[in-house]
Amino acid sequence: MTTAQATALPSPTRVGLSRGRIELRQFFRQREQVIFTFTFPAFILVLLASIFNGTYPDGVSVGQVFSASMIGAGIVATSFLNMGVGVALDREDGTLKRLHGTPVTATSYFLGKIVLVAVASLAEVVLLLAVGMALFDVTLPTDPGRWVTFAWVFLLTVVSCSLLGIAISSIARGAQSAAAVTNVPYVALLFMSGVYITLDALPEWMLRVGSLFPIKWAAQGFRSVFLPDSMAVQEAAGSWEHGTTALALGAWCVVGLLLCLVTFRWTNRRG
Amino acid sequence: MDAITVRGLGKSYGDVTAVAGVDLAIRRGEVFALLGPNGAGKTTTVEVLEGHRRRDRGEVSVLGEDPGTAGRAWRARIGIVLQTANDAAELTVRESVRHYAGYYAHPADVDEVIERVGLTEKAGARVKSLSGGQRRRLDVALGIIGGPELVFLDEPTTGFDPEARRQFWALIRSLASTGTTILLTTHYLDEAEALADRVAVIVGGRVVAEGTPATLGGRSQAKATVSWLAEEGPRTMLTDTPTALIAELSRGRELPELTVTRPSLEDTYLELIGETR
């Protein structure tokens, strides 16, 4: 009888997709979540691009540069911040404890989170592109090669930052602490990675610190997708550095996964 | 076959021993209550049985499997009713029950379960709008939607008003009447007396007494207290044979203010937990 029931249990994939649907429903019903995580990057983009104006040689506007960089920052918000606070909250409010008492496996739970992050991040890109196109002359690339770059930068950023978010949620003592523990490095790195401030205004040491973390590489990757190649000389290295970008983001995926495996807990209590 | 057997269960947190050798045997279809003061080891014991916590020592079998290693199929056969969860605030009652139904091979009917826990009128309401008592009823619904053979209830009515408690008891009785085994922890003695077939008292990480609520700690054999108002004032006598005593005292007359009492479950319990302190 036990075996008959085991084979009849819905597959972890099916349960994971069902969790994804419920995660999305909860995410978009939470007004604070939608405002702070989801529309905040677009809001900052409008502010920044309205404060700083000017054009680079080749007629590229500062607004276009901010728009491209902010796509990187936006999906770090929908992955890193969303997971960091979301998983800590699931641990605090009993979601994880309840799931641990049901046939749901960790795989299904994380599959649900992946669906949430993927959909929220894609929606974030669409929102930021819409703002960029409407206000700051952003145009969609027509070269398929650029969309390939878009795809892998998007994927590696979302995966590495989701994993880091999950890992940091285990270090945090609760959801409130997780919000602080994720937001402080996030905002600091937005400055150091040339998202909030153009690269030429940053001191050398900040660039170095920024280049250790994923946001810089994500922002640079999206600049290479949405800006003309003539803009590559404005980068710290003078080129788009696709190889280094893939390597840096890939390395963070590995580090994030290891941290997750070592630190993941179902509840806030130890033992 | 027993639903739960526990032998020599031990669990420590650092230097603190939470459970120091618990033995239990809970039969299928039984409502079993674990009583004990805060910090006695009730919750730790239950969490080990639920598979939420690792044990340090002892043998544990729950529905024939070791909860420390049991898999998904086993978890589909148990139901855990959380007492402090605040999850799924943005979902409606029906959405969350339906979603949980999707985890199981043979879930119960969603609307039927909602009705059973008395939330039909709130089925379309967001979970965050529920009162404390309604929230706990939803917890029960989520715990039983998979059609479990065994349900864990950890201090389910803490913070309830008297009416909500009575309603909750009726819900637990209806669950028990379908043959579901129920393991309940509580520090309300009237709750244990109202619901449980058998109770065990845990103090300092050990079971100090076990029995039916009526016989716990030798309660049914304890001396009866007979009180009445005599001509010279109130009188009280302890006796093993209250019927004979009253027959002799009254000789056909009415004895004013006559009462015969035995130790309440509370008296017995307080004596039990006092002895071991």
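Chain naming here is simple, since letters A, B, ... match the order of the sequence lines and numbering starts at 1 in each.
Neither the backbone nor the side chain of Phe152(B) comes within less than 4.5 Å of any heavy atom of chain A. Heavy-atom distances place no part of Arg21(A) under 4.5 Å from chain B, backbone and side chain included. Residue Leu142(B) touches chain A through its side chain alone, counting heavy-atom pairs closer than 4.5 Å.
A cation-pi geometry, defined here as NZ or CZ lying under 6.0 Å from the six-membered ring centre and within 45° of its normal, holds between Arg165(B) and Tyr188(B).
Looking only at side-chain heavy atoms (C-beta outward), Glu47(B) and Lys11(B) stay at 4.5 Å or farther from each other. Side-chain contact between Glu124(A) and Ile71(A) is absent, with no heavy atoms from C-beta onward closer than 4.5 Å.
Ring-centre distance between Phe222(A) and Phe154(A): not below the 6.0 Å cut-off.
Taking the six-membered ring where the residue is Trp, Phe40(A) and Phe43(A) present tilted rings, their angle falling between 30° and 60°. Trp252(A) and Phe213(A) have parallel rings, their planes meeting at less than 30° on a 0 to 90° scale where 60° marks the start of perpendicular.
By a heavy-atom distance cut of under 4.5 Å, not one residue of residues 14-26 of chain B is near chain A.
Of the listed residues (Thr102(A), Val15(A), Val104(A), Thr105(A)), the one with the most heavy-atom contacts under 4.5 Å to chain B is Thr102(A).
Remark: Thr180(B) engages Thr178(B) in a side-chain hydrogen bond (donor to acceptor under 3.5 Å, both in side chains) (not counting sequence neighbours).
Taking all atoms of both residues into account, the shortest heavy-atom contact from Ser174(B) to Arg116(B) is O-NH2, 3.8 Å.
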